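Treat the numbers as computed from the prediction; the structure is a model and nothing was measured. All values below were derived from every heavy atom in this structure, side-chain atoms included, with hydrogens, water molecules and symmetry-related copies excluded. In the text below, chain A, chain B and the rest are named by the order of the sequence lines, each starting its count at 1.
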Amino acid sequence: MSSEQRKAFPFSEFEPKWQGEWEAKKAFRTPNPGDADFDASKPKYFVLDMFPYPSGNGLHVGHPEGYTATDIIGRFKKMSGFNVLHPMGWDAFGLPAEQYAIKTGTHPRVTTEANVANFTKQLKSLGFAYDWDREVNTTDPGYFKWTQWIFLKLYNSYVGDDGKAHPISELEAQGLSREEIDHRRLAYVSEAPVNWCPQLGTVLANEEVVDGKSEVGGFPVERRPMRQWMLRITAYAQRLIDELDGLDWPESIKLLQRNWIGRSEGAHVKFEISECGTRNAECITVFTTRPDTLFGATYMVLAPEHPLVDVIAASEWPANTPDAWKGDHSALRTPHSAIEHYRKQTAAKSDLERTELAKTKSGVFTGAYAINPVNNERIPIWIADYVLMGYGTGAIMAVPAHDERDFEFAKKFKIPCIPVVTPHANWFAAHASEFVITTNIENSEADLKWTVGELLKQGAMTRADLKQMLLAFYTNNCAAFKVAYSDEGVAINSGFLDGLTTAKAKEEAIKWLEEKGLGKGTTNFKLRDWLFSRQRYWGEPFPIVWENGQHRSIPESELPLLPPTLEDFKPTGTPEPPLSKATDWVQYSATAKRELNTMPQWAGSCWYYLRYCDARNSERFVGVEAERYWMTGSTDFKSEISNLKSPGGVDLYVGGTEHAVLHLLYARFWHKVLFDLGYVSTPEPFQRLVNQGLILGEDGQKMSKSRGNVVNPDDVVREYGADALRLYEMFMGPLEQVKPWSMKGVEGVYRFLARVWRLVMEVDDEGVWSISKALQDVPANKQLTKALHETIKKCGEDIEKLSFNTAISQMMVCTNTFTGAEVKPAGAIVTFLKVLSPFAPHLAEELNAQIRAKFPNLAAPGFLSDETWPKYDPAALIEDEVEVVFQVNGKLRDKARVPIQATKEEIEKIALASARVQEFMEGKPAKKVIVVPGKLVNVVV
RNA sequence: GCCGAUGUGGUGAAAUGGUAAACACAGCGGACUUAAAAUCCGCUGGAGGGCAACCUCCUUGCCGGUUCGAGUCCGGCCAUCGGCACCA
């Protein structure tokens, strides 16, 4: 028996047929403002998928999950009267094509084109309603011309005092020097230490390094100083946090971004250096979030790489320096040698080891002392690798009593610990209950011994004398505790701050510092500037040349700048990028050489959604009118946008969570720069974001080749058809949820589609399908009408909520009801097919066409996708009677059918008359009767 | 360690504070068939009682609270998954 005969309906015939029709008739071409068929009276809806990297493995079942969701939304919105923009494209620069080129010598462009062709074929076989005329490809020179152009905008902009990007020409007009201007560009060159991955032969952004290994490939990454292009994303840190507020994104993703940007408020405090007792003008500035604990600062730590370390290090150990402070034995001789040794040890540790060894603290004393500005105490200055050069000022004041890390460090090196915040009772109870306090409280002969626990029971936190005892004990024995107290409380041992709550003490401390010129309140961010260059071949070359050690942009007229033709794609093995091999290309002019780095893969994906608005524009990265319309919905192209409905332009963006702090942050940054410079109309790119959940293998594990649990969508399409694949992926469960694949589940929805098919079609003994005789031009009876209108209502509502699984189950209920009817009313079935069409477009179109052949006036004349979404009739949903549930004391005891118009009193009467209700009332009078009309009666006795 | 999400039948799941388990999968039984597949119809959370129609009790990770009524709201705990992690 051939598999062809086993098919429950001939999807393999009609699916390709409809795909061909849609393509031939450009059924999903979306006109732009200015096109003859553009209808300005309709609202717009921009629904976007995260465009794929066209890998050699082809489509994965995870791709169609999000793509089907957006396809249903897009088709539904189109039927609901929207101009829908639903495009697709290729994020095609990237490492795999380049590595394949290194192995085989095949040019990455060849590989990429083949993969794109394969992806296109696969996506088209799923019947997605994309406007293929708007297809974009980041490796297309017509596309990356504008990626390079946007880079030049970044290069030629700076962030002004108003926090917004401005053209660099403003600084030139102010007469700033070349060096000062270069210092302010949004794209700038830096010599800072970067993440170098020897195996990949490239540097990576912080976001691309996971646990000290490359995100791609999992190779070790080391820190080394290199000259690199950076993008000043930190200048937008505050806005990137603030402007999340107006977006309809999952709170968890917003939080991920907020945490990644990592804003914290505190103060910069200057500490003077006092070497061997003689004051010196040199200062160290630290960042702290707890200026209220200044009185508890008993030492200082600089990051090992901190530039002041060499300046302050003493030439010999101060008298009485404990041996433990001097580092390993081999380095005992002088502070300088100890520092040098410690730095070597630190550098030898990879990032990974540094994280793993985070538990044991290490460090060496510099031999130098600083002066605590609040009390003029001399405190030792250390270097330790638990202080990072990249955060704050690379220097801290250490308050062991109130910081876990400082506490651990101080205990190890026996540095004093002075509490300056009062812990709360629970903390003492949890960490010190057993401690014994010896005291002679009432002048008695013998010392009294109390445990802290007993003291607390006596009311140590409320009785002044006991509290004083407890705090004195804490002050003297702080180092004996197991943990530091890092919460808030009331200041003690803190001079002018005593008695203040932490919040108040912070304010006062900052005020005091500012008055004395010793510091000021500041905000700090964890976010680092974005390392933007890569030592790769297959990426956008920078439109930059170097001459006399200075960089400058090439003219816009020279864009796109194509990569050179290379035979040999191998990395050079050194940080010298592969483009250096193209010696002719490199030589820009007699005296100028091209920049050899390329842009990271993120560059192309930072703005592709904008290109979709006007993908074939050769004059501009996106046309003014197209951008204005698709991003804001406005057709007023002349005036300034005054009151935007929402900050983001794309109405719905669906994709995985893996881009939470990468693409989604980078794209927001670029968009804001373009917005500041007046090139786009909205401050944010994506108004609503939805994350689809990962699809696991049938075994509940993540799909992977090594586990052998990968499901290939092509196989599913061959066996069950595209509609079944689409429907199954939507029926599996809520879109956002992680869920395992089930082939049995695919069969389930396949059977449902076959049932729909048989509502219209019947098969004869030869296996030939023809239109069913049960299908007739008759009005639907009351029951069928109700089922149909309930389905119209629920599906419409559920699609808006992206609750596709429940919409499908409603269509199943409706189909089951229709299957049970002897005569199938053709008109009602056509309406049902309209509802089904966004989900299973091929089947719906085919059945509509079949019905049209017999009942031309009942079926849609053209594509169902050009039809209007049906309206439900509320009257059809109402029944004459409803079932009302009777409860006694909240327990279900009886039910009855009651006329829909019955009053509360009437329903109550019926309920109390029920024999079952009376039985459970046990003759007691009703204390209270709750009547919810149309639902239930609850009798309380 | 910190932050977030989730916890309901054998399975995927559903349920504006109002009949827990819709819809589907798997399983069982029946019809059709020489037979099988396909299709159609029915049953299917647990314990107990009844010849039976049916009845009673229990059940949404655990403990408590609010409420006439809690899977849903509040407080505490446990488990699983995901993210961050020496960020001063």
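With hydrogens and angles ignored, the 3.5 Å screen pairs a side-chain donor or acceptor of Lys824(A) with a backbone N or O of Phe818(A). At distances below 3.5 Å, not a single donor-acceptor pair connects side-chain atoms of Thr817(A) with backbone N or O atoms of Ala787(A). For the pair Thr366(A) (side chain) and Ile381(A) (backbone), a donor-acceptor distance under 3.5 Å is present.
Across all strands shown, Val885(A) has heavy atoms under 4.0 Å from base atoms, whether or not it also approaches the sugar-phosphate. Contacts of Glu747(A) with the nucleic acid, taken as non-hydrogen atoms under 4.0 Å apart, are absent. Nucleic acid contact class of Phe731(A) (heavy atoms, under 4.0 Å, all strands): base. Within 4.0 Å (heavy atoms only), Ile930(A) reaches at least one base atom of the nucleic acid. Pro250(A) comes within 4.0 angstrom of no nucleic acid atom, judged by non-hydrogen atoms across all strands. Using a 4.0 Å heavy-atom distance criterion, Ser264(A) is classed as a sugar-phosphate-only contact. Among the atoms of the strands shown, only primed sugar atoms or phosphate atoms (P, OP1, OP2) are found under 4.0 Å from some heavy atom of Phe920(A). Within 4.0 Å (heavy atoms only), Gln887(A) reaches at least one base atom of the nucleic acid. Contacts of Lys744(A) with the nucleic acid, taken as non-hydrogen atoms under 4.0 Å apart, involve only primed sugar atoms and P, OP1 or OP2. Among the protein residues, Gly748(A) comes within range of the sugar-phosphate backbone only, with heavy atoms under 4.0 Å from sugar or phosphate atoms but none that close to a base. Residue-level contact check: Arg528(A) touches neither bases nor backbone, having no heavy atom under 4.0 Å from any strand.
In this structure, Leu727(A) places its CG atom 15 Å from C1' of C25(B), rounding to the nearest Å. Put simply, CG on Leu936(A) is 12 Å from P on A70(B), counting in whole angstrom units. Nucleotide C25(B) holds its C1' atom 8 Å from the CZ atom of Arg751(A), rounded to whole Å. With rounding to whole Å, Leu892(A) atom CG is found 13 Å from C58(B) atom P. Summarising the geometry, the separation between CG on Asn691(A) and P on G82(B) is reported as 16 Å, rounded to the nearest angstrom. Between the P atom of U39(B) and the OH atom of Tyr750(A) lies a distance of 9 Å, rounded to the nearest Å. If you measure from atom CD of Glu822(A) to atom P of C40(B), you get 16 Å, rounded to the nearest angstrom. Taking atom CD of residue Glu65(A) and atom P of nucleotide G12(B), one finds them 16 Å apart after rounding to whole Å.
When the C1' atom is compared between A14(B) and U72(B), the two are found 13 Å apart, to the nearest whole Å. When the C1' atom is compared between A70(B) and U66(B), the two are found 10 Å apart, to the nearest whole Å. The separation of G42(B) from C25(B), taken at their P atoms, amounts to 14 Å, rounded to a whole angstrom. Look at the P atom in both U11(B) and G46(B): the space between them is 12 Å, to the nearest Å. Rounded to whole Å, the C1' atom of A15(B) lies 25 Å from the corresponding atom of C63(B). When the C1' atom is compared between G61(B) and U8(B), the two are found 10 Å apart, to the nearest whole Å. Taking the P atoms as reference points, C73(B) lies 15 Å from U60(B), given to the whole Å. When the C1' atom is used for both A22(B) and G71(B), the distance is 15 Å, rounded to whole Å.
For Ser809(A), the side-chain atoms get nearest to C23(B) when compared with the rest of G18(B), C23(B), A88(B). Of the candidate nucleotides C55(B), C68(B), A24(B), C55(B) has the atom lying nearest to any side-chain atom of Arg916(A). Checking A88(B), A22(B), G18(B) against every side-chain atom of Thr289(A), the shortest atom distance belongs to A88(B). Comparing atom distances between the Asn816(A) side chain and each of C23(B), G83(B), U56(B) picks out C23(B) as nearest. In the set C84(B), A88(B), C68(B), C84(B) carries the atom at the smallest distance from any side-chain atom of Lys526(A). Closest approach to the Val387(A) side chain among G83(B), G4(B), A88(B) is made by A88(B) (side chain taken as heavy atoms from C-beta onward). Which of A13(B), C23(B), A85(B) sits closest to the side chain of Pro734(A) comes down to A13(B).
Using a 4.0 Å cut-off, no side-chain N or O of Thr806(A) falls inside it from OP1 or OP2 of C23(B). Look at Lys895(A) and you won't find any side-chain N or O under 4.0 angstrom from OP1 or OP2 of U19(B). Between Arg258(A) and C3(B) there is no side-chain N or O to OP1 or OP2 distance below 4.0 Å. Distances shorter than 4.0 Å separate none of the side-chain N or O atoms of Lys739(A) from OP1 or OP2 on G12(B). A close approach under 4.0 Å does not occur between any side-chain nitrogen or oxygen of Arg755(A) and OP1 or OP2 of A38(B). A sub-4.0 Å separation between OP1 or OP2 of U19(B) and a side-chain N or O of Arg893(A) is absent. Phosphate proximity of A14(B) to Asn805(A): present, with a side-chain N or O under 4.0 Å from OP1 or OP2. OP1 and OP2 of G12(B) both lie 4.0 Å or more from every side-chain N or O belonging to Gln737(A). Close to C58(B), at under 4.0 Å from its OP1 or OP2, lies a side-chain N or O of Lys891(A). Proximity of Arg758(A) to the phosphate of A38(B): no side-chain N or O atom is located under 4.0 Å from OP1 or OP2. Listed pair Asn259(A) / A85(B) fails the phosphate criterion, with no side-chain N or O lying under 4.0 Å from OP1 or OP2.
Taking for each of Gly820(A) and Val939(A) the nucleotide of RNA chain B with the nearest heavy atom, the 5'-most of the two is the partner of Gly820(A). The residue among Ile808(A) and Val932(A) whose nearest nucleotide of RNA chain B is located toward the 5' end is Val932(A).
Within 3.5 Å, no donor on the side chain of Lys927(A) pairs with an acceptor on the base of C68(B), nor the reverse.
Taking a pair to require two hydrogen-bonding distances under 3.5 Å in either a Watson-Crick or a G-U wobble arrangement, A5(B) pairs with U80(B).
Aromatic ring pairs are classed by plane angle as parallel below 30°, tilted from 30° to 60° and perpendicular above 60°; the pair Trp757(A) and Trp769(A) is perpendicular. Relative orientation of the His663(A) and His659(A) rings is perpendicular, given thresholds of 30° and 60° on the angle between their planes.
Note that CZ of Phe839(A) and CZ of Phe752(A) are 9.5 Å apart. Values are rounded to the nearest 0.5 Å. A distance of 9.0 Å separates CE of Met743(A) from OH of Tyr728(A), quoted to the nearest 0.5 Å. For the atom pair CG (Asn889(A)) and CE (Met921(A)), the distance works out to 9.0 Å, reported to the nearest 0.5 Å.
At a cut-off of 3.5 Å, with distance as the only test, no side-chain donor of Ser264(A) or Asn524(A) sits close to an acceptor on the other residue.
G9(B) shows a glycosidic angle within 90° of 0 and is accordingly assigned syn.
Looking at residues two or more places apart in sequence or on another chain, you find a side-chain contact (heavy atoms from CB on, under 4.5 Å) between Glu919(A) and Arg916(A).
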